Amino acid sequence: AEEVVSMAVYARTRARIRFTYFGPINETDCYPNEGPRVDPEEAPRVLNAVSHRLRQEGLGDVRLVVAEQCNLDNNYVGPILESGDLMSQVGVFGFHSYGAGSLAPQIQRLNATKYADAVRVWLTEYGDLNDLDQTAANEWNNFSVAASRRALRAINEGASAALFWDAYDNYHEHYPRFTHYGLVQNSDHMYAPKKRYYAAKQLYHFVRPGAQRVDAASSDPRTLLVSAFYDGARGEFVLVGVKQGGPGEVEVRLGGISGVPARLDLFQTTRRLDCEKTDEVAVSGGVARLNLPGDAIFTLVGRLGREGAVH
């Protein structure tokens, strides 16, 4: 507690960094490389010590991000929720996803409590892990398509933020070696976007902070995963999708909002394209029909009419 709180105090009082959220532990269920071992039943005691020291140092306004677990099957949420004192300072439950695991059981635990409206759920890490395979196939299939599916799945389950790990290639002491997890290639401090950068851009560029998720469904949920958003500040409808196999002609039903424009701009990232506008898609009866290659990450976006509203 002393070590991590001293860092927060320095950041606030000396470095004059304005911050609201603070994650004091990271992947303590992936020890020893990722951090010290803290089991689920021990987490409340450890985090309470951090919380109390933060308040003693005048940082009671800081919201904790917990428990940043790497194994989604572990139940850190339950024991933390049972500590009312700790929950008074918890702002976010953060999770990491590099596989097929679901956030749904964890979110259900939160939603069954009085804290559901006050505490957010973030996917604080996602991506893929085989960074030493730098083939085009691995870049596309795993770091682009599979990683994008992880982000959309978490958002559809209730996460309100998703952070790709890592931003750029860099050296990690605990490996120890130079790693290649970044969205951006780092070659002796010469930086260039990878395919995964453009895949992530399909979500990050079009879905702005404050956008509200709305209902949408695809013609084949098994091969076509979609997530739709209403951006009230910009008056825009945005739908992000990941297609992995299945028929080339697909349908997307836009059921969560009225006033969708008659045509939506289609942007795609494929093996060949890098987040490029490729078409304008007609919308009829709340359904958009479009043709896509075998695998694609895509975005549909358009400005709503005056009557546009979430329902």
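Values in this document were obtained by computation on a predicted structure and should not be read as measured data.
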(message) Can you confirm whether H52 sits close enough to D85 that some side-chain heavy atom of one is under 4.5 Å from a side-chain heavy atom of the other?
(response) yes

(request) Please answer whether the main-chain N or O of Y198 pairs with a side-chain N or O of T269 as donor and acceptor at a distance below 3.5 Å. (result) yes

(request) Can you establish whether the number of heavy atoms outside R45 located under 6.0 Å from its atom CZ is more than 12? (result) no

(request) Determine whether K195 and D274 make a side-chain contact, defined as any pair of heavy atoms from C-beta on separated by less than 4.5 Å. (result) yes

(request) Examine distances only and state if a side-chain atom of Y204 and a backbone atom of Y197 form a donor-acceptor pair shorter than 3.5 Å. (result) no

(request) Would you name the heavy atoms of Q202 and C275 that are closest together and state the gap between them? (result) OE1-CA, 3.2 Å

(message) Check whether R14 reaches the backbone of A11 with its side chain - one donor and one acceptor, N or O, closer than 3.5 Å.
(response) no

(request) Determine the minimum heavy-atom distance between Y115 and G84, stating which atoms define it. (result) OH-CA, 3.7 Å

(request) State whether the side chain of R263 and the backbone N or O of E280 hold a donor-acceptor pair below 3.5 Å, judged by distance alone. (result) yes

(request) Find out whether V226 and L152 are in side-chain contact, i.e. whether some heavy atom of one side chain is under 4.5 Å from a heavy atom of the other. (result) no

(message) Within the 4.5 Å heavy-atom criterion, are L110 and T113 side-chain neighbours or not?
(response) yes

(request) Would you indicate whether the side-chain heavy atoms of R196 and F164 approach each other to under 4.5 Å? (result) yes

(message) Less than 4.5 Å apart, side chain to side chain, heavy atoms only: is that true for V283 and L254?
(response) yes

(request) Decide whether L81 and L86 are clustered together by the hydrophobic rule: side chain heavy atoms of Ile, Leu, Val, Met, Phe, Trp, Tyr closer than 4.5 Å, transitively. (result) yes

(request) Mind listing the closest non-hydrogen atom pair of L163 and T124 along with its distance? (result) CB-O, 3.6 Å

(message) I need the single residue from I107, L103, V66 that forms a side chain to side chain contact (heavy atoms under 4.5 Å, CB included) with F93. Which is it?
(response) V66

(request) Taking the side chain as every heavy atom from C-beta outward, state whether Q69 and Q106 have any pair of such atoms under 4.5 Å apart. (result) yes

(request) Look up atom OH in Y168 and atom OH in Y191, then write down how far apart they are to the nearest 0.5 Å. (result) 6.0 Å

(message) Hydrophobic cluster membership, with links at side-chain heavy-atom distances under 4.5 Å among I/L/V/M/F/W/Y: are W122 and F229 in one?
(response) no

(message) Do V214 and L224 land in one hydrophobic cluster if side-chain heavy atoms of ILVMFWY residues count as linked below 4.5 Å?
(response) yes

(message) Tell me whether D279 contacts the main-chain N or O of V281 through its side chain, where contact means a donor paired with an acceptor under 3.5 Å.
(response) no

(request) Over all heavy atoms of both residues, which pair between P293 and K243 is shortest? Give the atoms and the distance, please. (result) O-NZ, 2.9 Å

(request) Measure the spacing between CD of Q134 and CD of Q185 and express it to the nearest 0.5 Å. (result) 7.5 Å

(request) For the pair F19 and F22, name the ring-plane relationship: parallel under 30°, tilted 30 to 60°, perpendicular over 60°. (result) tilted

(message) Can you confirm whether R303 is buried at CZ, in the sense that more than 12 heavy atoms of other residues, nucleotides or ligands lie under 6.0 Å from that atom?
(response) yes

(message) Can a donor-acceptor pair be found, under 3.5 Å and without considering hydrogens, that links the side chain of Q268 to the backbone of T278?
(response) no

(request) Verify, without hydrogens or angle tests, whether T270 (side chain) and L273 (backbone) share a donor-acceptor contact under 3.5 angstrom. (result) yes

(request) Calculate, to the nearest 0.5 Å, the distance between atoms CG and CZ belonging to L123 and R153 respectively. (result) 9.0 Å

(message) Please tell me whether V207 and I155 are part of a single hydrophobic cluster in this structure, the criterion being side-chain heavy atoms less than 4.5 Å apart.
(response) yes

(message) Around atom CG of D117, are there more than 12 heavy atoms from other residues, nucleotides or ligands closer than 6.0 Å?
(response) no

(request) Report yes or no: does S51 contribute a side-chain atom to a donor-acceptor pair with the main-chain N or O of L47 at less than 3.5 Å? (result) no

(message) Could you tell me if Y21 and R120 have a donor-acceptor pair between their side chains, going purely by distance under 3.5 Å?
(response) yes

(message) If we ignore hydrogens and angles and just use 3.5 Å, is the side chain of S218 paired with the main-chain N or O of L225 as donor and acceptor?
(response) no

(message) Can you confirm whether the side chains of D166 and T179 place a donor and an acceptor under 3.5 Å from each other?
(response) no

(message) Would you call the rings of Y98 and W165 parallel, tilted or perpendicular, taking 30° and 60° as the class edges?
(response) perpendicular

(request) Go through N74 and D29 one step at a time and tell me if the side chain to side chain donor-acceptor pair (under 3.5 Å) criterion holds. (result) CA-CA 8 Å; N74 288 332; D29 55 343; 3.0 Å; yes

(request) First locate atom CD of E125, then atom CZ of F95, and finally report the distance between them rounded to the nearest 0.5 Å. (result) 13.5 Å

(message) Side-chain heavy atoms nearer than 4.5 Å, only ILVMFWY residues, links allowed to pass through others: does that put V240 and V260 together?
(response) no

(message) Show the nearest heavy-atom pair for residues S88 and R55, with the distance to one decimal.
(response) OG-NH2, 3.4 Å

(request) Before accepting this row, confirm whether a basic side-chain N of the pair R289/E249 lies closer than 4.0 Å to the acidic partner's carboxylate O. (result) no

(message) Please check this pair: side chain of D131 against backbone of Y181, looking for a donor-acceptor N/O pair closer than 3.5 Å.
(response) no

(message) Side chains of S148 and L203, heavy atoms from C-beta outward: is any pair under 4.5 Å?
(response) no

